[in-house]
Amino acid sequence: MAAASFSPSPTAPAARLIDSHGRVIHDLRVSITDRCNYKCVYCRTGEAGAQYPELGIGEYLRLIAVFVGLGIEKVRLTGGEPLLRRGLVELIEELSGMRTVGGKRLELAVTTNGHLLDGLAGRLKSAGLNRVTVSMDAVDEPTFERITRVPGSFKAVLRGIRAAREAGLTPLKINCVLLRGFNDDQVEGFAEFARREDVVVRFIEFMPLEEGRLWTPEIVVPLKEIVERIGRTLPLTELRPREASETARRYTFADGVGEIGIIAPVSQAFCGACSRVRLTSDGKIRTCLFSQVEHDLYGRLRAGASDAELGEYVVRTIAGKEARHHIGEPGFLKPSRSMVHIGG
Ligand code: SAM
C-alpha cells in the first residue's frame, strides 16, 4: 500500500469541519473491529459477540484520508479491541505518512485493553504510533479478573503497560470506568498506581452505553466524590486545561509527583467543546456517542462515490452534529449500538 494513494485531496470541498453549533471537529475515532477478547461486566452481557462487519484496511485508509483532507488532525484507533485486528501495524504505518491540511503529521493514538500490548508495543511505536490509552478497571488482580472475565488478564495488562512505557508510547494514559459497588473501592489504589507506574490515570463516569441494562444515575461515581476521596489521603491540585476541547479535568498531587484525570460526561458534560466524530467498524459516521442515527459513508464508497463526493457527505453530516447528549433527562433513549460496537 503506497501512502501516496491515500493522500488527502487538496480539492476537498471545505478546509475545516465545523458543525452548526460552531464547533470545529478535528478528532476522528475509528473502530477497526467490534470483536473484543474481554467481556467486561459493565460493558458486555457475555452472550453477544461481534455484530458488525469490518472494512478492509485500504478502505479505512481511504475514508480516513477524506476526513484528514477536511481538517482532522488526530486519529484514534479503537474497537472492540483494536489489537485483535490483522493489519493494524500496516494501517498505522500508512497513517503516519499522511499529512494534515496544515502539512503536519497526524497525532496517532490507540485505545486498547492492553492484553496483547506486550508483544506489539515496539512494532506499533516503530510504525509511527504516538500514544496508547490502556483501559484498566481495577488495580487488584481478583477484582480485575472478575470484571474482564479473563483469567491471567491482570498480569498480561501490566506487562503491556510496562512494554508500552519502555517503547516510548508516552505519556501513558490508563482509563478506569468506575461503578458504585463494582470497583469504586479502587479509587485510592489507582492514585498510588499512577505515581508508582508513572502513568496518568483517568477515571471515567459510567455512561448508559452497555449491552445490557445496568446504568442508573446512582451507579455513576461523580467527579466531585472521586476528588474528595483521593484528597483525603493524597491532597490534589487542579491543573489548567491545555486546550478547550480537553475532556479530562486534570489534577496533580500536592508534591507534584504524578497526575490523575477525571472525565465526567454525566455529571459535568463537555458537549459544548466536543471536537469529535466517530467512524464505526462498518464505515458508518456517528456524530455523537448517543446519536440515534448513523450515516453510511462506506455505503457511498461502495456505490462508487469519488473522494470529493465522500467529502461533501462528511461535511453535510458533521453540520448536523447533535448539540449535546441527554443522559439522565426524561425521554433519554440509549443508542442502538453499545460502546464496544461503536468504539470508545
Ligand atoms: N477494547 C478497547 C479498550 O478496552 O480500551 C477499546 C474499546 S473499549 C469499548 C473503550 C473504552 O470504553 C474502555 O476504556 C471502556 O472501559 C470504556 N467503556 C465501555 N463501556 C463504557 C460505558 N458504558 N461508559 C463509559 N466508558 C465505557
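Just so you know, ligand 1 is whichever comes first in the structure, and atom 1 is the first atom listed for that ligand. What you see below is based on every heavy atom in this structure, not just the backbone, and it leaves out hydrogens, waters and symmetry mates.
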Are R249 and E238 within salt-bridge range, i.e. N to O under 4.0 Å? yes

Residue, atom name and distance, where the atom is the protein heavy atom closest to atom 9 (C) of ligand 1: M339 CG, 3.6 Å

Which ligand 1 atoms are under 4.0 Å away from a heavy-atom of E205? 25 (C)

Ring centers of H115, Y38 separated by less than 6.0 Å: yes

For C176, is the nearest heavy atom under 4.0 Å from an atom of ligand 1? no

Between T111 and ligand 1, is there a nitrogen or oxygen pair with a distance under 3.5 Å? no

Ligand 1 atoms in contact with T78 (distance to a heavy atom under 4.0 Å): 6 (C), 7 (C)

Relative to the heavy atoms of F206, which atoms of ligand 1 are at a distance of less than 4.0 Å? 22 (C), 23 (N), 24 (N)

Heavy atoms of E54 and Y60 approach each other most closely as CA-OH, 3.7 Å

Looking at R242 and E246, is any side-chain nitrogen of the basic one under 4.0 Å from a carboxylate oxygen of the acidic one? yes

Step through the shown structure and confirm whether more than 12 heavy atoms of other residues, nucleotides or ligands are within 6.0 Å of CZ on R86. no

R213, CZ atom: more than 12 neighbouring heavy atoms under 6.0 Å: no

Going by an N to O cut-off under 4.0 Å, is there a salt bridge joining E107 and R131? yes

Which residue and heavy atom of the protein sit nearest atom 6 (C) of ligand 1, plus the separation: G80 O, 3.2 Å

Can you tell which of S135, P208, G343 gets a heavy atom nearest to atom 11 (C) of ligand 1? S135

Testing the 3.5 Å rule here: is there a donor-acceptor pair between the side chains of H341 and E211? yes

Pair R195 + E188, salt bridge at N-O below 4.0 Å: no

The answer for which part of T133 has a heavy atom under 4.0 Å from ligand 1 is neither

Write out the residue and atom name of the closest protein heavy atom to atom 17 (C) of ligand 1, then the distance separating them to 0.1 Å. V177 CG2, 4.0 Å

Return the closest protein heavy atom for atom 16 (O) of ligand 1 as residue, atom name and distance. Y42 OH, 2.5 Å

If the cut-off is 4.0 Å to any non-hydrogen atom of G79, which atoms of ligand 1 fall inside it? 7 (C)

Which residue and heavy atom of the protein sit nearest atom 10 (C) of ligand 1, plus the separation: G344 CA, 3.8 Å

Atom 23 (N) of ligand 1: of M136, M207, H341, the nearest heavy atom sits on M207

